[in-house]
2 protein chains.
Amino acid sequence: MTGEPSGGDLSRLRQLNAVAVIKALQGQGALTLTDVARRTGLSRASAEDVVRELLHKGWVAEAGATAGGVGRPARRYRFRADAGRVLGVDIGGHKILAVLADLDGDVQHSVRVPVTPGMGRLERLEAVDRAVAGCLEAAGLTGADVWASGVGTTGLVDGAGRVMLSEALPEWTGVDLAAHLRRIAPAPVLVENDSKLAALAECWRGVARYAKDMVFLLAGLRTGAGLVIDGKLHRGFANASGEIGALPVLGWIRAQEHLSAASGEAGDVFAAARAGERAAVTAVRRYVKDLALGASALVLALDPQMVVVGGGFSRSADVLIEPLRRELDRWCIRTPEVRMSALGDEAVVLGAVRLALDDVEERVLDGRGPLVSHL
Amino acid sequence: MTGEPSGGDLSRLRQLNAVAVIKALQGQGALTLTDVARRTGLSRASAEDVVRELLHKGWVAEAGATAGGVGRPARRYRFRADAGRVLGVDIGGHKILAVLADLDGDVQHSVRVPVTPGMGRLERLEAVDRAVAGCLEAAGLTGADVWASGVGTTGLVDGAGRVMLSEALPEWTGVDLAAHLRRIAPAPVLVENDSKLAALAECWRGVARYAKDMVFLLAGLRTGAGLVIDGKLHRGFANASGEIGALPVLGWIRAQEHLSAASGEAGDVFAAARAGERAAVTAVRRYVKDLALGASALVLALDPQMVVVGGGFSRSADVLIEPLRRELDRWCIRTPEVRMSALGDEAVVLGAVRLALDDVEERVLDGRGPLVSHL
DNA sequence: GATAAATATCATGGAGACCATCATTATTCG
DNA sequence: CGAATAATGATGGTCTCCATGATATTTATC
């Protein structure tokens with residue numbers, strides 16, 4: 001039932017405690033040894049021991065001592081987020097966004113390359129190369145300095161990092177993104193669907209930070225969903241979770257049609273609706289009804305704590321959120337909190353970073369991984 | 001993101017290894033120390049140490065030595081499944097089923113008390129009492145010997161073990177089942193929705209034994225669902241997952257109506273259909289169409305490895321399964337394996353047992369719990 | 001039946017990791 | 001400058017695991 005708890009060696013215990021110390025330091029700025037001990041539950045002596053080892057291995061650095069208080073000032077230690085770098089890439093219809101982030105997940109450099117939905121495979125891949133190369137160059141690094149890469153793209157992705165099916169982008173089905181990225185940066189490459197990554201990002205740094213179960217709705221020219229269940233991204237058996245749009249009665253297929261029918265330019269039906277224009281108001285109402293139908297199916301299935309709406313249309317929160325909430329209320333047994341994405345345009349790429357960081361952390365925990373740094 | 005890995009004490013390491021040894025022994029009959037060492041990854045010396053401790057605490061007993069082979073015959077040890085007992089109860093419309101199981105989850109005694117859907121609260125609870133008392137009596141035990149109880153019932157259940165909403169049973173909303181059961185057996189009581197428990201049971205001892213993501217369909221006079229995600233029962237934020245039936249377009253509300261419309265007695269439309277009777281065949285076809293619609297929503301949302309069909313109608317697998325598979329194929333991107341439940345009538349109560357065992361194991365792992373047995 | 005081979009158990013010692021405790025050191029406060 | 005405060009550093013102890021070798025018990029073979 002539950003995976004093997006394994007147990008094991010003494011050294012495993014040390015590993016566990018080392019990870020606990022790192023997690024305690026991460027994001028907390030700098031801590032004294034006493035702080036570390038309290039947060040990890042270790043004794044002060046052991047905390048010191050672990051920190052010394054991490055210091056030696058390059059995971060931790062000394063920060064300025066405490067000042068002000070009475071008594072001997074304590075040394076402080078911080079996680080060396082700059083010990084390694086991960087790459088995040090969002091490959092969309094209109095833009096390629098590549099970022100280089102440190103081990104805290106803070107973005108150091110980012111390059112955006114505009115593309116068009118009609119672009120072919122080679123052209124698009126070439127744009128990816130440029131974006132990534134731009135990041136590396138700005139940081140004065142090479143591909144070899146990257147510890148892991150995360151990539152987000154539209155369409156279904158298989159476990160090995162190939163695009164299995166993409167309707168939105170031409171010539172995109174069958175691209176082996178993992179292999180392509182590995183040519184630039186030889187570290188492990190994780191490829192994932194963009195809605196799923198946006199969901200991950202919202203749970204990490206967005207409005208769903210404290211939700212364990214969350215449904216992310218991608219509302220834009222495409223409609224999609226990403227699920228976080230029990231704090232983890234839910235992929236499904238063949239990485240095809242959240243594809244509720246395939247069921248016609250749930251409305252996602254026809255949802256956008258209401259909008260494009262209302263105005264030639266799909267662009268600003270929302271603005272028109274906001275201004276009170278009759279046809280636009282109707283179109284938006286119908287769109288929301290259809291969006292809510294599929295969303296209700298997800299909510300009823302999973303009973304999440306929160307629904308987060310992202311994607312291009314999330315800029316029009318004022319005319320979307322309240323009606324959506326009302327529609328959900330109509331169908332759901334318990335309507336979850338409904339929130340607008342806080343990450344906007346960068347949700348996918350942040351999710352890609354998180355994916356890469358997860359991979360790094362897993363390897364650290366295993367004891368393998370690129371620890372034993374260049375010291 | 002990931003829950004605290006905590007790390008911790010030396011004694012925690014021993015706990016971990018003790019649990020590993022117990023898991024190795026459980027279900028495996030009897031093992032020699034060398035076997036235990038190999039399975040847990042511990043050294044033989046340590047394995048011996050752990051086993052000695054478990055022996056002393058009453059978790060493990062010596063079994064007959066090996067015979068036949070060359071060399072000194074090894075002692076063999078087995079998990080003492082009889083060291084404790086858990087209770088499982090299924091409270092349904094037509095029957096109350098109570099079982100007493102050992103720590104391996106093997107049922108020792110079971111008592112079935114017929115009830116009617118129309119029965120009031122007190123009468124039903126009284127039937128529960130009789131079923132449970134019957135089990136305990138047959139085993140020559142008292143409520144104090146029970147380490148944990150699991151209870152399954154229709155309707156929504158809150159975290160504290162109260163029924164929050166039940167449409168099928170009269171006067172059932174608001175019953176505090178946990179409190180009621182605790183009066184009989186003072187150990188912890190876990191209460192859960194019956195579809196969810198059936199799902200759990202199928203993943204444990206049913207046809208979904210090796211599936212990590214699974215959707216269970218309860219097909220009977222009521223229609224319901226239970227989800228197992230990543231090997232764990234998915235409850236949702238307010239324990240209301242799987243309630244896809246609330247969405248009218250997904251057909252579960254009207255599904256059974258087709259059947260009851262076809263024959264006065266809802267009972268054997270399936271038999272009639274099997275015999276080729278025109279009206280019945282149509283009714284079943286419509287029923288399956290509606291069932292499949294809601295099921296497709298779940299499958300598309302989660303992309304599970306397997307769909308398991310249980311509930312009263314699962315006896316009519318021959319006229320259900322194939323059409324259901326075809327309908328799913330029509331809507332789903334990737335149609336999962338579709339299987340009929342192997343546990344039938346006892347799925348819910350087995351799930352209840354599993355729930356109780358999970359609780360026991362958790363407490364064992366924590367080191368609290370009723371270990372240090374009566375030795 | 002005695003001996004060899006095989007295998008399990010038991011005993012000893014060592015290493016790693018954690019903890020408690022106390023002496024030492026560096027500050028601030030009065 | 002001394003007292004109070006709080007961190008650091010050092011010592012010794014305990015727990016757990018592991019490797020290794022001595023001892024025990026059985027089967028196979030001569």
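So that the names make sense, note that chain A is the first sequence line, chain B the second, and so on, each numbered from 1. Only this structure's heavy atoms are used, side chains among them; waters, hydrogens and symmetry mates stay out.
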Give the nucleotide from the list [options] with an atom nearest to the side chain of [X].
X: Ser46(B); options: dT9(C), dC17(D), dG9(D); value: dC17(D)
X: Leu10(B); options: dT9(C), dG9(D), dC15(D); value: dC15(D)
X: Ser43(A); options: dC19(C), dC10(C), dT8(D); value: dC19(C)
X: Arg75(A); options: dT8(D), dA19(D), dA17(C); value: dT8(D)

(message) For the residue pair Arg354(B) and Trp204(B), would you count it as a cation-pi contact if the rule is NZ or CZ under 6.0 angstrom from the ring centre and within 45 degrees of the ring axis?
(response)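 Yes; both conditions hold, so Arg354(B) lies above the ring face of Trp204(B).
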Whole angstroms only, please: what is the [atom1]-[atom2] distance between [X] and [N]?
X: Arg12(B); N: dC19(C); atom1: CZ; atom2: P; answer: 13 Å
X: Asp49(B); N: dA11(C); atom1: CG; atom2: P; answer: 12 Å
X: Asp35(B); N: dT9(C); atom1: CG; atom2: P; answer: 10 Å
X: Arg52(B); N: dT16(D); atom1: CZ; atom2: P; answer: 13 Å
X: Glu48(A); N: dA20(C); atom1: CD; atom2: C1'; answer: 14 Å
X: Leu13(B); N: dC19(C); atom1: CG; atom2: P; answer: 12 Å
X: Gln15(B); N: dT16(D); atom1: CD; atom2: P; answer: 10 Å
X: Arg76(A); N: dT8(D); atom1: CZ; atom2: P; answer: 12 Å

(message) Does either side chain, that of Gln305(A) or that of Asp213(A), offer a donor lying less than 3.5 Å from an acceptor on the other one?
(response) no
(message) Each nucleotide in nucleotides 1-7 of chain C should get exactly one letter: B, S or -. Can you fill that in based on protein heavy atoms under 4.0 Å?
(response) -----BB
(message) Any side-chain N or O of Asn17(A) below 4.0 angstrom from OP1/OP2 of dC18(C)?
(response) yes
(request) Considering just the side-chain nitrogens and oxygens of Arg44(A), establish if one lies under 4.0 Å of OP1 or OP2 belonging to dC19(C). (result)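 Answer no for this pair, as no side-chain N or O of Arg44(A) is under 4.0 Å from OP1 or OP2.
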(request) Would you mind telling me which residue lines up with the more 5' stretch of DNA chain C, Val50(A) or Leu33(B), judged by nearest nucleotide? (result)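 Its nearest nucleotide lies further toward 5', so the answer is Leu33(B).
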Is [Y] close to [X] at the side-chain level, that is, under 4.5 Å between some pair of heavy atoms?
X: Phe79(A); Y: Leu54(A); value: no
X: Glu202(A); Y: Leu343(A); value: yes
X: Leu233(A); Y: Arg235(A); value: yes
X: Glu361(B); Y: Val19(B); value: no

(request) Look at Asp49(B) together with Arg14(B) and state whether they make a salt bridge at an N to O cut-off of under 4.0 Å. (result)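 Result for this pair is yes, salt bridge flagged.
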